[in-house]
Amino acid sequence: LLFDEGHKIVKDADFRHTVTLPMDLFFECKNKALVSATPVEFSDPRFKDFELVQIVPEFDFSKEMFLHITNNMLQTLKETLKSLEGNTFIFCNCTDMIYNLMKQLDLFNDSAVFCSTNSVKKLKNDKDVKFKPAYEDWDIKYMKRYNWLTSRFYNAVDIKLDEKPNVILLSNCYFSEYTIIDPYSDAIQATGRFRNGTASITHIVNVNPNFRVQTKEEVRGYIRGLEHVHNLLVGYRDTAPDAEKRRILQEFVDSSPFNKYLVDGKKSYYKIDFDVVDEVVKGLYSHKDLLCLAYEMCDTFNVYMEEQIFPLGDLERLHRDNPKLTKREARKQIVEQLEMLGYCETQMEFDFLQELIDSDPFIVQAYETVGKEVIEKLNYREKAIKEAMILKRYRERSTGNEAIQLIKNSFNANTWYSDDFIKRELKRIFKEIGIYYPKAVTSHTIGDFFEYIDKPTKKTRGKLLYRCLF
């Protein structure tokens, strides 16, 4: 029995449980072998006596790869796509992320998505999506300028084209860990789909310093610890003196973290191997140098790394879009990011500002009107902030040159005016130049423009204006 694409036994073990079903039959066969261009280590003891045969080409088969380390996936992808000519294939193992990128970059009309059956249904039928060019199988007749593919198409598909397309790999550690690409397998397999070669290969990635760096042996040691504790719990359950204690211990067994490595009650070496590979690869994405080193150790790629850092990035987007945040907390994040962004001068900075406006137009407008200090002083209370904005706008307009000229034309210092005249004249002027006064206009409103003292006569109430404030 010959098992092709042998690495998938491990790489798919976590989410395709049936992928390991043929293995018992495989080991029963007299003549057997596994083949893979990107082999992985197997811990199944039945592989102990297998011979490892490596076939190494005598020619240079390496490809150029441009590794873009960025803090803003959207902006880097936007700039990369602008620089490319011809058709492009974009590998991204998250259909939600694919949809968001197509939407933000306005690529719907020029895109096709190739993904799993369930994801096709979601893209086509979701009430908020309705994206029709989604397919579960590759066919050149579906190809568009931008072709998005999930991990379903990393392996075992030949994409035969008359041209050499551009290939982009996307890994966003903050949006979805499923988009992490293994330099030793996923990257090689995905870029190898194109039988006529590629025009360019680019991997756009952000890094997460919170990812733990571990060796294979450290991960296996942790899993062995989980297994030991699990077996102790099973032993305590089986030797418990009565049914009540067995029931309680069974609850502990059921909640054991080691259960994820069991299939039908038996230890799955392939699930363990999956986690070992997954945790080690995740650690590479904790720092740009680790990821770059991994690519440099891989014979398939000649890597050119470039770091692109923007004022706002994926981490900031994650913080403000966190559904667990209260409205006040989310607005606080936006205000902090507006402070980081500062004064906008370039188109890119205005694009960042538009993202914040799209998230919460009110708080951006409030920040631009009254500033961070006032917003924080008012403890992000919307009603109080609105009032502060109204007063600020009134003061700006009412103390503008046009308003001052009209008021100084109607009122003079060291002159007495009746309260009735003051009120009527201010209303007339405000209406004339379109000033909305936030409170009822009274004779006391003149205090915004003149110092005065109340000085009623025997017949009417009035005020003596004695100094203009402007």
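Values reported hereafter were calculated over all heavy atoms of this structure, with side chains retained and with hydrogens, waters and symmetry mates removed.
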Under 30°, 30 to 60°, or over 60°: which ring-plane class applies to [X] and [Y], parallel, tilted or perpendicular?
X    : Y    : value
F153 : F114 : perpendicular
H68  : F66  : parallel
F258 : H230 : tilted

Output yes when a side-chain donor or acceptor of [X] lies under 3.5 Å from a complementary backbone atom of [Y], and no otherwise.
X    : Y    : answer
N72  : L312 : yes
Y285 : I181 : yes
D360 : I363 : yes
D110 : L107 : no
N93  : S151 : yes
K392 : T369 : yes
S36  : E5   : no
R195 : G192 : yes

As a test of understanding, state which of D273, D186, D275 forms a salt bridge (Lys or Arg N to Asp or Glu O under 4.0 Å) with K11. D186
Full working for side chain to side chain contact (heavy atoms under 4.5 Å, CB included) between M73 and M97: CA-CA 11 Å; M73 181 75 59; M97 181 172 155; 4.1 Å; yes
Within a 6.0 Å radius of atom [atom1] on [X], are there more than 12 heavy atoms belonging to other residues, nucleotides or ligands?
X    : atom1 : value
F252 : CZ    : no
K32  : NZ    : yes
K130 : NZ    : yes
K132 : NZ    : yes
E373 : CD    : no
D358 : CG    : yes

Taking it one step at a time, do F362 and R331 satisfy side chain to side chain contact (heavy atoms under 4.5 Å, CB included)? CA-CA 9 Å; F362 168 76; R331 285 180 165 174; 3.5 Å; yes
[X] bridged to [Y] by N-O distance under 4.0 Å:
X    : Y    : result
E279 : K216 : no
D96  : K122 : yes
D44  : K267 : no
R145 : E85  : no
E244 : R247 : yes
E376 : K332 : no
K324 : E329 : no
R320 : E316 : no

Going through the distances and angles, do K260 and D14 end up as a salt bridge (charged side-chain N to carboxylate O under 4.0 Å, His left out)? CA-CA 9 Å; K260 68 180 290 188; D14 190 57; 5.2 Å; no
Check the pair Y99 / F108 against ring-ring contact (aromatic ring centres under 6.0 Å, His included), numbers first and verdict last. CA-CA 9 Å; Y99 180 81; F108 283 134; 5.3 Å; yes
Note, [X] side chain near [Y] side chain (heavy atom, < 4.5 Å):
X    : Y    : answer
I385 : M389 : yes
F211 : E177 : yes
L84  : I168 : yes
I180 : K282 : yes

Partner of N206 by side-chain hydrogen bond (donor to acceptor under 3.5 Å, both in side chains), out of N172, T76, T70, N71: N172
Measure the spacing between CG of N302 and CD1 of I201 and express it to the nearest 0.5 Å. 10.5 Å
Test side chain to side chain contact (heavy atoms under 4.5 Å, CB included) on K78 and K82; report intermediate values, then the result. CA-CA 6 Å; K78 181 179 180 180; K82 279 184 180 179; 4.1 Å; yes
Show, in sequence, the C-alpha distance, side-chain angles and deciding distance for R224 and E217, and conclude whether the salt bridge (charged side-chain N to carboxylate O under 4.0 Å, His left out) test is met. CA-CA 10 Å; R224 283 195 296 269; E217 187 51 42; 2.5 Å; yes
Go through the steps for E136 and R152 under the test side chain to side chain contact (heavy atoms under 4.5 Å, CB included), then give the verdict. CA-CA 9 Å; E136 57 186 288; R152 176 187 175 97; 4.2 Å; yes
So, [X] versus [Y]: side-chain donor-acceptor pair below 3.5 Å or not?
X    : Y    : result
Y295 : H203 : yes
N100 : Q104 : no
Q214 : Y222 : no

Taking the ring of F89 and the ring of Y146, is the distance between their centroids below 6.0 Å? no
For the aromatic rings, using the six-membered ring if either is Trp, is the centroid distance between F27 and F47 under 6.0 Å? yes
